[in-house]
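Letters A, B, ... are given to chains in the order of the sequence lines, protein chains preceding strands, and every chain is numbered from 1. Keep in mind it's a predicted model, so treat the numbers as computed, not measured.
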Amino acid sequence: MKTFLVLGAGTAGIMMARKMSRVLDAKQWKVIVVDKNEQHFYQPGFLFIPFGYYKKDDVVKPIRSFVAKGVEYVVAEVEQLEPAENRVTLANGRVINYDYLVVATGTDIHPEETEGLKDGGWRQNIFDFYTYEGAAALAPAISNFNGGRFVVNVVENPIKCPVAPLEFIFLADAYFTRKGIRDKVDIIFATPLPGAFTKPVASATLGKILERKHIHVEAEFNAGMVDSSRNVLASYDEREIPYDLMVSIPLNKGASFLGAAGIGDELNYVRVDKETLQSTDYENIWALGDAANIPASKAGAVIHFQMEKAFKNILQHMAGQPMTHHFDGHALCYIETGFEKATLIDFDYTHEPLRGKYPVPVVGPFDLLGETTINHWGKLAFRYIYYLMMHGIEVPLPSDFSMAGKKP
Amino acid sequence: MSDLVKDVAFNAEGYMIDAKQWSREIAEFLAKLEGIEVLTPDHWKIIDFCRTTGLASGKAPTLRQITVGTGISTKDLFALFPKGPAKKVAKIAGLGKPEGCV
């Protein structure tokens, strides 16, 4: 009996385990998926929790409800991965010997890595929204906020969903405006980047929106320290930003057992070939989604686009054939801009986000880099599409990036 | 002094285009342009690390790759190369602009 092991039952892990269990002969193969949690989180929904637009039931579901028949689901922490021995040891003592391993353990926030960030102010007047608990704790703090300095800080890149901090700011601006206190709130975005976003055309577009909404960008700000006693965020180059309420996007890192196993980079993301998604160290290991060190956005849509490629490559590898499916780094992100509008960006490893229509060139209905209501409805509809996909219902969006109808 | 770099090609942002044209003398010259008068052994430890990893991977290392790779803290790195250390070292080491993120 052979074992196909998936670590992590998030978006990537659930889908890969299901796809494999459908094609592998159950008399020869066992498909196992391991996760430390019993709850699945619809992470794009965390953005809406602090403003009361989504409730817990909208974003939290039991993992078991998504696990395909024929897949064994184990709830346990991974204690150790020994890739040279093809062996994983779980915290409950169980040892799993695998033939193929897919790592899909995602990325987590690490506030403890920034001096003072988890001191007195944490979850008092400093919050995150990258965990369900953080987003839920932030909701009353936002509704009780009556004015002052509202600071959003990205500690270090890369982060999961690099547009989420901007969306959060746009939603906060709309929220405070509707509450009638926007003139009493200074919104400050402190980022290590030289501008609003990583890619030039999108950065300029988003930068203009920030300017129009009177949001101050503190660029090239490398957060070094938080002083909760003075409510000050300081950078390594000794700039200080006072805050009344701070929302931090702490350092993001992959699971520590990956670093310990020697297959992760300096942030514990698995080193893989960016096109085949196979580990560059071990030929029977693949990494998907946020857990991989590919230069693409850490986002669910990226997983959707890379899934088919990785799946086919693994099957080819099992059959002893050369791998012919290449992931192009395709990412697609709806960006909430507040007041029931959103913009949309579509890009890959080599093309930055450009203007145009999606998914049908010229026709749309979605407007790339435009700010429209229909884009906003697209974003909200995506939650339903996501849950369909997690239940194994295929949604026909083209995997490969296309330049058709785009204006360079 | 400027004779040293008269045949060296730079891009619009001041990064060397061909890392192979680099020399330690050029590094000292570029460091002065960045406001660093003297390169100490600690500076060189970081520059050498960036040259080695940068040439091997084809990309200038990020701030975190430098701190993890050299064991020098971020705080000390900012003291040695004030303001943006990753960019500054990349420039002095004759590498391209470090890609922060995607």
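Here the CD-OG1 distance, from E266(A) to T67(B), works out to 8.5 Å after rounding to the nearest 0.5 Å.
By the 4.0 Å N-to-carboxylate-O rule, K83(B) lies too far from E220(A) to be salt-bridged with it.
Within the 4.5 Å cutoff, the side chain of T74(B) has no heavy atoms near those of the N222(A) side chain. In this structure, L77(B) and Y236(A) have side chains that are not in contact, with every pair of non-hydrogen atoms separated by 4.5 Å or more. Here the side chains of R64(B) and L251(A) are in contact, with some heavy-atom distance below 4.5 Å.
Only the side chain of E156(A) comes within contact range of chain B, with heavy atoms under 4.5 Å apart.
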